Number of protein chains: 2
Amino acid sequence: MPKMGKADRTRVMILNSALEFLWDHRFRDLTVASLMAPTNAGRSAFYRYFGDLHELMRTLLDMLRDEILDSTSIWFADSGDPVLLVDEAIGRLVDIGYRRGPFLRAIVDAAVTDSRIEGDWQQFLKVFDDATCSRIEADQAQGLILQFDAPPVAYSLTRVNAHTLIDAFGQKPRKHKARVQQALARVWISTLYGNEWVAERASTLDRKPTEPPES
Amino acid sequence: MPKMGKADRTRVMILNSALEFLWDHRFRDLTVASLMAPTNAGRSAFYRYFGDLHELMRTLLDMLRDEILDSTSIWFADSGDPVLLVDEAIGRLVDIGYRRGPFLRAIVDAAVTDSRIEGDWQQFLKVFDDATCSRIEADQAQGLILQFDAPPVAYSLTRVNAHTLIDAFGQKPRKHKARVQQALARVWISTLYGNEWVAERASTLDRKPTEPPES
DNA sequence: TCCAATATGTGACATAATGTCATTTAAACA
DNA sequence: TGTTTAAATGACATTATGTCACATATTGGA
């Protein structure tokens, strides 16, 4: 455990309090007072660490970004069977969406009320837009994907991911993970590579154990 | 012109002021004061007509709902070539998304900060979820669509529509209408009916005049 | 047309949250 | 341990919301 000064400990307490709060409350119900209540410190101590609630949310997004990019690094792979790659990447994405759903939702909620977070979030999505676009164009060059205007399709596909995950897992009771995963995989694979690939892959997916939705 | 009492006139002024404001400002920047400034009435007069800003937004959603359901009535048609039907329905949806983008975005923004609007919006989306689900299941029964778990796919497809439209047209400069339409049509048709139908239809779409993006 | 009766509008007030600042209190470290 | 530096506090200013008693218009019947 790295040695922490008091400032670091307080900062961590605040971040933990935020995570705890947001796990079962919406961002709109978060106030500085409610955030600092479980802490030893008083309300105004908050402002020593963050300019405002939105700045705290940006910090949370920074943390989540690393976690997401790490766990979906396969998304940016440039070799291997493209269909399996998409399937695996969606699986990873659904996993993390399931685990972090409420925080993802909180960040997107916060983005609506603050243009800086909005910018951060769009920039984050753009990483996936760009990666998807590159993949499409590379596979078009190889004849694996039909010729079409790649950017808007990539854009729509990343948005279906983001908002399906947030709507499905962003608040409890979360929806069934496997069903969401299959739906997203179907949309992506049939849009990019064609329905026949989904059909071929379907039996594999259906064999996966079906977990019941959690609280 | 129907005869209006003073109350009706003031109410209309408020609604117009809101529409005008939201055409080039975000919902987060709307305050009761800024809303009533262009009106003859003072700030507190607002509360005679609406409980709060969110109630005003619900009224706006009611108005928009009628317009959208009217213009996308073809979405709920149960006869005709399914592929053409989807294509036409998406076209209508993109048209209205383009015309009303900023208001749609304002409503979705407002939903994030108010659970009543959120409920209204989800209920509105559910109409499309259900219609899409019925269509899928009907076409599966006819063998036009492969057998798969329809509800989550329908859910993802309505969300790709809503959020693609709002992201693309919700604030100026709006994106290019035809490109968005083609992307959405591609996602829907290849997910439901297969890539070959998109390819066949592509030439038709590409022949459409390409309008430059507006302010 | 005028005059109640009623509907509409107003400004002063209470409330709730944010963010700031001088001051107090606690931690760090030599 | 004592001194320097950092962290926490509580009182205050600010901004927006929503409410209320009262003032002023509008309306429709005599």
Side-chain angles (χ1 to χ4, degrees), chain A residues 1-18 20-22 25-61 106-107 109-118, chain B residues 1-18 20-22 25-61 106-107 109-118:
Chain A
M1 186 153 58
K3 190 176 157 193
M4 287 199 287
K6 190 176 194 205
D8 293 303
R9 266 180 289 124
T10 306
R11 198 185 148 88
V12 166
M13 283 197 83
I14 295 174
L15 286 170
N16 282 342
S17 172
E20 201 157 321
F21 184 94
L22 293 172
H25 295 88
R26 297 290 299 263
F27 174 74
R28 60 174 169 247
D29 299 318
L30 182 68
T31 63
V32 178
S34 70
L35 180 66
M36 298 303 284
T39 305
N40 294 325
R43 184 182 67 85
S44 62
F46 171 80
Y47 294 99
R48 191 164 293 280
Y49 297 92
F50 303 95
D52 56 19
L53 284 179
H54 295 107
E55 198 175 305
L56 176 130
M57 294 308 293
R58 299 182 78 192
T59 306
L60 244 48
L61 171 55
I107 285 162
D109 283 359
V112 167
T113 50
D114 184 272
S115 61
R116 294 164 301 166
I117 307 180
E118 192 165 60
Chain B
M1 186 153 58
K3 190 177 157 190
M4 288 198 287
K6 188 172 194 205
D8 295 302
R9 266 180 287 127
T10 307
R11 197 185 149 88
V12 166
M13 282 195 81
I14 295 174
L15 287 169
N16 282 341
S17 172
E20 202 158 320
F21 184 94
L22 293 172
H25 296 89
R26 297 291 298 262
F27 174 74
R28 61 175 169 244
D29 299 317
L30 182 67
T31 63
V32 178
S34 71
L35 180 66
M36 298 303 283
T39 307
N40 294 326
R43 183 183 68 85
S44 61
F46 170 80
Y47 294 98
R48 193 163 289 283
Y49 297 91
F50 303 95
D52 57 19
L53 283 179
H54 295 108
E55 197 175 306
L56 175 131
M57 294 307 292
R58 299 182 79 193
T59 307
L60 244 48
L61 171 55
I107 285 162
D109 284 358
V112 166
T113 50
D114 183 272
S115 61
R116 295 163 301 166
I117 307 180
E118 192 165 59

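All values derive from a computational prediction rather than experimental measurement.
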Exercise for the section: Ignoring hydrogens and angles, answer whether the base of dG18(D) and the side-chain atoms of Arg43(B) contain a donor-acceptor pair closer than 3.5 Å. Expected result: yes

Problem - Test item: Ser17(A) side-chain N/O and Leu35(A) main-chain N/O as donor-acceptor pair under 3.5 Å - result: yes

Practice task
Using atom CE of Met13(B) as one end and atom C1' of dG9(C) as the other, report the distance to the nearest whole Å.
Solution key: 14 Å

Practice task
Find the distance Leu56(B):CG to dT17(D):P and express it as a whole number of Å.
Solution key: 12 Å

Fill in the blank from the handout: The reported gap from CG in Asp29(A) to OG1 in Thr113(B) (rounded to nearest 0.5 angstrom) is 10.5 Å

Practice task
For Arg28(B) and Asp114(A), work out which heavy atoms get closest and say how close.
Solution key: NH1-N, 3.7 Å

Problem - side chain to side chain contact (heavy atoms under 4.5 Å, CB included) against Ala33(B), all qualifying residues, sequence neighbours excluded - result: Thr31(B), Arg43(B)

Handout entry: Which nucleotide in dT18(C), dG9(C), dA7(D) has an atom nearest any side-chain atom of Leu53(A)
Key = dT18(C)

Practice task
For the side chain of Ala45(A), starting at C-beta, report the closest nucleotide among dA8(D), dT10(C), dT18(C).
Solution key: dA8(D)

Handout entry: Short side-chain N/O contact to dA8(D) OP1/OP2 from Tyr47(A), under 4.0 Å
Key = no

Completion exercise
Applying side chain to side chain donor-acceptor pair (under 3.5 Å) to Asn16(B) and not counting sequence neighbours gives none

Exercise for the section: Determine the contact category for Phe46(A): base if any of its heavy atoms lies under 4.0 Å from a base atom, sugar-phosphate if only primed atoms, P, OP1 or OP2 are that close, otherwise nothing. Expected result: nothing

Practice task
Could you tell me whether the side chain of Ser44(A) has a donor or acceptor atom within less than 3.5 Å of a complementary atom in the base of dG10(D)?
Solution key: yes

Practice task
Select base, sugar-phosphate, or nothing to describe what Phe50(B) touches, counting heavy atoms under 4.0 Å on all strands.
Solution key: nothing

Problem - Residue met sooner reading DNA chain D from 5', once Thr31(B) and Arg9(B) are mapped to nucleotides - result: Thr31(B)

Fill in the blank from the handout: Between CG of Asp114(B) and P of dT17(D) the distance, given in whole Å, is 14 Å

Practice task
Figure out the CD1/C1' separation between Ile14(B) and dG9(C), and round it to whole Å.
Solution key: 11 Å

Exercise for the section: Send over the distance from Arg11(A) CZ to dA8(D) C1', rounded to a whole Å. Expected result: 17 Å

Practice task
Would you kindly give the CG-to-P distance between Leu35(A) and dA8(D), to the nearest whole Å?
Solution key: 14 Å

Problem - Residues, nucleotides or ligands: over 12 heavy atoms within 6.0 Å of Glu55(B) CD - result: yes

Handout entry: Spacing between Asp8(B) atom CG and dG9(C) atom P, to the nearest angstrom
Key = 11 Å

Fill in the blank from the handout: Among the nucleotides dT18(C), dA28(C), dT26(D), whichever has the atom closest to the side chain of Lys6(B) is dT26(D)

Handout entry: Along DNA chain D (nearest heavy atom to each residue), the more 5'-positioned of Asn40(A) and Arg48(B)
Key = Asn40(A)

Exercise for the section: Side chain of Ala7(B) only, please: which of dT8(C), dT18(C), dG10(D) is the nearest? Expected result: dT8(C)

Problem - Under 4.0 angstrom between Thr10(A) side-chain N/O and dA8(D) OP1 or OP2 - result: yes

Problem - Atom-to-atom span, CG of Leu30(B) to P of dA16(D) - whole angstrom - result: 12 Å

Problem - Proximal nucleotide (of dT10(C), dG18(D), dA8(D)) relative to the Asp52(B) side chain - result: dG18(D)

